[in-house]
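Some notes on the structure that comes next.
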Amino acid sequence: MQEEAVIVFDFETTGSSPKMGDRPIEVGAVRIENRMIVDTFQSLMNPGFTITSFIESITGIGNDMLLNAPPCEEVMEQFAAFIGTTPLVAHNASFDRQFLDSELEQLNLYPENAMACSMLISRRIFPNAPNHKLRTLIEYCGLANNDVFHRALEDAEKTGHLWITMCDTIYETYGLEKIPFPLMQQLEKMKKVKVEAFFERKVVEQKNSMLHLWN
DNA sequence: TGCCAGGCCCTCTTTAGGGCCTT
């Protein structure tokens, strides 16, 4: 089973593109070690301009809540310290990664953390799910669900439990004992039809590796 | 002036288009 630490994180933002001037308004993250959440990070942040009613309606975060929140720069500096060089996970990671990189670049920080996407991996592990939205996957996997979505820490926690469940499913389905982070990254880029053969090969590799240690 | 995301996957693909997913 996976043993190395990962940090699952999520941003709520003013829109969909930092290149169009959008910024985060909340970050939430959970640190997972040995299949358990051992630490969390959460903060609202003031983007420096008012957010639209559309974003308010999605997130439940209002301009009044952001008025006295610390600025993005302050929060992101703390968040950079929280993640360090730990491998990162997010649901639809390309979305959150662009905001992470954009904000940290403004602080002259250039994170090189490895990153994996729980959405792309879930398409491989749960090909029969109705779709691969976070809410659907939480329901599909029968995970604890308080029906609160689109808040950063809530979504990070749920994605964290989804990540653990995907590791468990790989173990239970294919018998793969160790699930290193690079293996998950390989999986998200794998063609759907090749997943089964991929795991069969990995199991054989691990068994051979164990035999090599014993001999 | 008018428009405005973007990265990835899938397939009836690759000389491309449509859909998914995030806010």
Side-chain angles (χ1 to χ4, degrees), chain A residues 7-30 42-63 65-66 69 72 75-76 79 83 88-106 111 113-141 143 145 147-163 165-166 182 184-198:
Chain A
I7 288 176
V8 184
F9 77 104
D10 182 63
F11 283 127
E12 304 306 312
T13 71
T14 63
S16 56
S17 174
K19 287 180 182 169
M20 301 290 288
D22 290 314
R23 302 192 77 184
I25 54 174
E26 186 180 40
V27 59
V30 298
Q42 185 275 334
S43 182
L44 290 170
M45 54 187 124
N46 188 330
F49 50 90
T50 56
I51 61 172
T52 64
S53 56
F54 173 65
I55 295 299
E56 278 189 310
S57 69
I58 293 178
T59 63
I61 298 170
N63 282 298
M65 297 165 66
L66 300 175
C72 292
V75 174
M76 291 306 298
F79 186 58
I83 61 176
L88 302 173
V89 174
H91 202 67
N92 198 18
S94 64
F95 178 89
D96 294 282
R97 180 91 211 199
Q98 61 174 342
F99 281 96
L100 179 71
D101 288 347
S102 171
E103 290 297 324
L104 293 188
E105 190 179 323
Q106 294 177 48
N113 308 53
M115 193 148 174
C117 177
S118 56
M119 181 195 74
L120 295 178
I121 295 169
S122 73
R123 286 178 177 168
R124 298 292 171 266
I125 306 294
F126 304 121
N128 297 323
N131 60 56
H132 297 84
K133 295 177 184 177
L134 181 59
R135 178 189 290 270
T136 304
L137 290 165
I138 293 302
E139 291 168 356
Y140 182 77
C141 292
L143 297 174
N145 184 2
D147 209 33
V148 178
F149 289 87
H150 294 300
R151 287 301 302 265
L153 184 57
E154 287 284 350
D155 283 5
E157 284 178 343
K158 290 181 176 71
T159 305
H161 288 301
L162 174 64
W163 180 262
T165 300
M166 291 197 295
M184 296 296 261
Q185 289 179 301
Q186 276 181 283
L187 187 58
E188 70 180 66
K189 292 177 174 52
M190 182 135 307
K191 294 288 181 191
K192 195 182 287 185
V193 292
K194 295 186 176 177
V195 169
E196 201 149 321
F198 170 77

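Each chain gets a letter, A, B and so on, in the order the sequences are listed, and its residues count up from 1.
Of the candidate nucleotides B:dC9, B:dC4, B:dT23, B:dC4 has the atom lying nearest to any side-chain atom of A:M20. Closest to the A:I55 side chain, of the nucleotides B:dT23, B:dC10, B:dG6, is B:dT23. Of all nucleotides listed (B:dC21, B:dC8, B:dA5), B:dC21 comes nearest to the side chain of A:H132.
Distance NE2 (A:H91) to C1' (B:dT23): 13 Å, rounded to an integer number of Å. Summarising the geometry, the separation between NZ on A:K189 and C1' on B:dC10 is reported as 17 Å, rounded to the nearest angstrom. The interatomic distance linking A:L162 (CG) with B:dT22 (P) rounds to 11 Å, in whole Å. Here B:dC10 presents its P atom at 7 Å from CZ of A:R123, a figure rounded to the nearest Å. Summarising the geometry, the separation between CD1 on A:I121 and P on B:dC21 is reported as 15 Å, rounded to the nearest angstrom. As a whole-Å value, the separation of A:F11 CZ from B:dT23 C1' is 12 Å. One can place CG of A:L120 at 11 Å from P of B:dT22, the figure rounded to the nearest angstrom. The CG atom of A:N131 sits 21 Å away from the P atom of B:dG18 (whole-angstrom rounding).
Environment of CD in A:E196: sparse, with no more than 12 heavy atoms of neighbouring residues, nucleotides or ligands closer than 6.0 Å.
Looking at heavy-atom distances under 4.0 Å, A:L134 makes contact with sugar-phosphate atoms alone, never a base. Within the 4.0 angstrom heavy-atom criterion, only backbone atoms of the sugar-phosphate kind lie near A:T59; the bases stay farther away. At the heavy-atom level, A:S16 lies under 4.0 Å from base atoms of the strands shown. Across all strands, A:R135 comes closer than 4.0 Å to no nucleic acid atom at all (heavy-atom distances). Using a 4.0 Å heavy-atom distance criterion, A:D22 is classed as making no nucleic acid contact.
Taking atom P on both B:dC3 and B:dG7, the two are 23 Å apart, rounded to the nearest angstrom. Nucleotides B:dG2 and B:dG6, compared at atom P, are 22 Å apart to the nearest Å. B:dC9 sits 35 Å from B:dT1 when the C1' atoms are compared, rounded to a whole Å. Rounded to a whole angstrom, the distance from the P atom of B:dC4 to that of B:dC8 is 22 Å. As rounded to the nearest Å, B:dT13 and B:dG18 have C1' atoms that lie 12 Å from one another. Straight-line distance between the C1' atoms of B:dC10 and B:dT23: roughly 24 Å, to the nearest whole Å. If you take atom P in B:dT22 and the same atom in B:dT15, they sit 31 Å apart, rounded to whole Å. Nucleotides B:dC21 and B:dT14 are separated by 24 Å at their P atoms, to the nearest Å.
Remark: A:E26 engages A:R151 in a salt bridge (charged side-chain N to carboxylate O under 4.0 Å, His left out) (not counting sequence neighbours).
Closest non-hydrogen pair, A:S118 versus A:T159, comes out as OG-CG2, 3.4 Å.
In terms of position along DNA chain B, the nucleotide closest to A:S17 lies nearer the 5' end than the nucleotide closest to the other residue of the pair A:K133 and A:S17. DNA chain B is contacted by both A:E188 and A:D155; A:E188 maps to the nucleotide lying nearer its 5′ end (nearest heavy atom per residue).
Considering CD of A:E139 and NZ of A:K133, their distance stands at 11.0 Å, rounded to 0.5 Å.
A:S17 and A:D22 share no donor-acceptor pair across their side chains, judged by distance under 3.5 Å alone.
Here the side chains of A:E157 and A:V8 are not in contact, with every heavy-atom distance at 4.5 Å or above.
Under the 30°/60° scheme for interplanar angles, the aromatic rings of A:F11 and A:F9 are found to stand perpendicular.
At the phosphate of B:dT23, OP1 or OP2 sits under 4.0 Å from a side-chain N or O atom of A:H150.
Applying a 4.0 Å cut-off to non-hydrogen atoms, the residues of residues 92-100 of chain A that approach DNA chain B are A:N92, A:S94, A:F95, listed by residue number.
In this structure a side-chain-to-backbone donor-acceptor pair under 3.5 Å is present from A:K158 to A:V148.
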Side-chain atoms of residues 123-130 of chain A: list all donor-acceptor pairs with protein atoms under 3.5 Å, sequence neighbours left out, distances to 0.1 Å.
residue, atom, partner, partner atom, Å
A:R124, NE, A:M190, O, 2.5
A:R124, NH2, A:M190, O, 3.0

